[in-house]
Protein chains: 2
Amino acid sequence: MQSPRATGRPRDARIDAAVLDATLAVLDESGYRRLTLEEVARRAGTTKPAIYRRWAGRERLVLAALARRLGEIEVPDTTCTMCDLGESLSVFIAAFRRMPPDVLGPLYADCSSEPELRAEFMSALFDPPRAAVAQTLDRAIARGDLRADLDVGLTLDLLASFVHYRALFGHATTDAHETERAVETLLHGIATDYPHLLAHSLGLSEPPVRAHELHHDAPAT
Amino acid sequence: MQSPRATGRPRDARIDAAVLDATLAVLDESGYRRLTLEEVARRAGTTKPAIYRRWAGRERLVLAALARRLGEIEVPDTTCTMCDLGESLSVFIAAFRRMPPDVLGPLYADCSSEPELRAEFMSALFDPPRAAVAQTLDRAIARGDLRADLDVGLTLDLLASFVHYRALFGHATTDAHETERAVETLLHGIATDYPHLLAHSLGLSEPPVRAHELHHDAPAT
DNA sequence: ATTAAGTTACGTTACGACTCGTATCGATAT
DNA sequence: ATATCGATACGAGTCGTAACGTAACTTAAT
């Protein structure tokens, strides 16, 4: 943000680290809702005012702690589109596995009220893995493995939302096998004969003969 | 739940209705986080204890109010799979449109801590629209429009998560057109040549000749 | 080099404000 | 006899901030 203060007593960097560590520890034990700043301060061997000097509230504190744990995201880049997508999703899922439902949901709930805070949440936690998958998609398109007219944003949302859904509502631990199935499903589609369905929806009762040559875009009306 | 008490002064049913109405009004104005029971009681022309007599906490109160607004879900049933899916999703989205992000996210956050409460949340708000889409998928499979070996649960999650994602993180109002695109994407798949990608991922450098006859299932090892 | 002044962080403690969920009370309805 | 009604009050937590006196570091003058 701004340049470090040139005057006065410098901040003790060990306190920063101790507070972030304590925050993560309390989060893992008690979740986000039961996290109190006094407990964090106690464990970090410091006090509440010292925390407020550094972060503007508990949302920002937790964001900082989680962002630190999230670390950097690496983008897989082999020549295998399916592998890359699966791997990207795995990284994605692994990232969220480190942020249990007890944390991510309530945290976002608290962040969603204030636009600026919300933006910080997004850029700190959601955007990084999302960008990784986006890059994978772009590469696959450039390689010719995905359709050139693909709506990357939409596809990204389909993938990302799937992971978030599982992470937030954690009714199932998304394992590697299911990741694979999801990628497979998305790549292949779920229809037996998509052109046929498309034609039907357009009111043509008989399916087009040259189904495979039919372009993805709907014919002009 | 249990049978109505045979003894003592009966509850005033008008209070039930007034409280639920007031709850919805406050939710729409202030969102979930800023909703206080005292404010609800004030608007309903009653008092806090009267509310606690009826619902065990504000989570249950809000759940009851939202479930009331959600109403019943109708399942579309034409012969057009694409239309039905699109329509199902639209109903899905419409259901969530009545529950702004300021409500659904924080509410779930509060419900997720207690398992029983979480189950109530699911059965009251998430399951109904989800079941509607599930029925549409089943019909489409029976009709032969979707692959028989389709993982319905997975597909359902892909669709539902997409809607939830938009509803919770509302960075985009999912309109009819985008719904259509999503269904289209899922039906058709995003790959230019899926069998080719599959083969490649299995380590075969040259693509199979009869790509279109290759079954979805991977060949036996 | 020493000293002095200025600034900021530190720990400690305390405070006001806000909700929550419950308790109490007399009155009322079955 | 029992349970609800309105009204009010209460204890318990947590929040974010405001004091204080002390400690650490920078700058400038001696």
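Reminder, nothing fancy here: chain letters follow the sequence lines and each chain counts from 1. Model, not experiment: these values are computed from the prediction. Computed from heavy atoms alone, side chains included, the values below leave out hydrogens, waters and symmetry copies.
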task: Indicate yes or no for a side-chain donor-acceptor contact from B:Arg54 to the backbone of B:Ala50 under 3.5 Å, with no hydrogens or angles considered.
output: yes

task: Would you mind reading off the distance between A:Ile15 atom CD1 and D:dA23 atom C1', rounded to a whole angstrom?
output: 12 Å

- request: Using atom types as modelled and distance alone, determine if a side-chain donor or acceptor of B:Asp84 lies under 3.5 Å from a backbone N or O of B:Thr78.
  value: yes

message: Between A:Thr46 and C:dG11, is there a contact of a side-chain N or O with OP1 or OP2 at under 4.0 Å?
response: yes

query: Rounded to the Å, how far apart are A:Lys48 NZ and C:dC10 C1'?
result: 16 Å

- prompt: Please give, in whole Å, the distance from D:dG16 C1' to A:Glu59 CD?
  reply: 12 Å

message: Check the phosphate of C:dA9 against A:Arg14, side-chain N and O only, distance under 4.0 Å to OP1 or OP2. Yes or no?
response: no

task: Whole angstrom is fine here: how far is it from CZ in B:Arg42 over to P in D:dT8?
output: 15 Å

query: How would you label the contact of A:Thr36 with the nucleic acid (heavy atoms, under 4.0 Å): base, sugar-phosphate, or nothing?
result: sugar-phosphate

- line: Separation of C:dC20 atom P from B:Asp110 atom CG, nearest Å, is 10 Å

query: Rounded to the nearest 0.5 Å, how far apart are CD of A:Glu29 and CG of A:Asp102?
result: 12.5 Å

message: Does B:Arg53 contact D:dT4 through a side-chain donor or acceptor facing the base, at a distance under 3.5 Å?
response: no

- prompt: Under 4.0 Å between a Lys/Arg side-chain N and an Asp/Glu carboxylate O for A:Glu39 and A:Arg43?
  reply: yes

task: Identify whether any heavy atom of A:Leu35 sits under 4.0 Å from a base atom; if not, whether one sits that close to sugar-phosphate; answer base, sugar-phosphate or nothing.
output: sugar-phosphate

query: How long is the line joining OH of B:Tyr52 and P of C:dT24, in whole Å?
result: 17 Å

- prompt: Should the heavy atoms of other residues, nucleotides or ligands under 6.0 Å from CZ of A:Arg34 be counted, would the total exceed 12?
  reply: no

- prompt: Looking only at N and O atoms, is any donor in the side chain of B:Arg9 or the base of D:dT4 less than 3.5 Å from an acceptor on the other one?
  reply: yes

- request: Verify the contact: side-chain N or O of B:Arg11 to OP1 or OP2 of D:dC5, cut-off strictly under 4.0 Å; return yes or no.
  value: no

statement: On DNA chain D, more 5' by nearest nucleotide between B:Ala13 and B:Glu38 is B:Ala13

- line: Atom CZ of B:Arg33 and atom P of C:dC18 are separated, to the nearest Å, by 18 Å

field: Closest-nucleotide ordering on DNA chain C, the 5'-leading residue of B:Pro10 and B:Pro49
entry: B:Pro49

- request: Could you tell me the separation between the CD1 atom of A:Ile51 and the P atom of D:dG16, rounded to a whole number of Å?
  value: 11 Å

message: I want to verify a distance call: between C:dC10, D:dT4, C:dC20, whose nearest atom is closest to the B:Arg58 side chain?
response: C:dC20

- line: Checking D:dG6, C:dG11, D:dC5 against the side chain of B:Thr47 (C-beta onward), the nearest is D:dG6

message: Base, sugar-phosphate or nothing for B:Arg34? Non-hydrogen atoms, less than 4.0 Å.
response: nothing

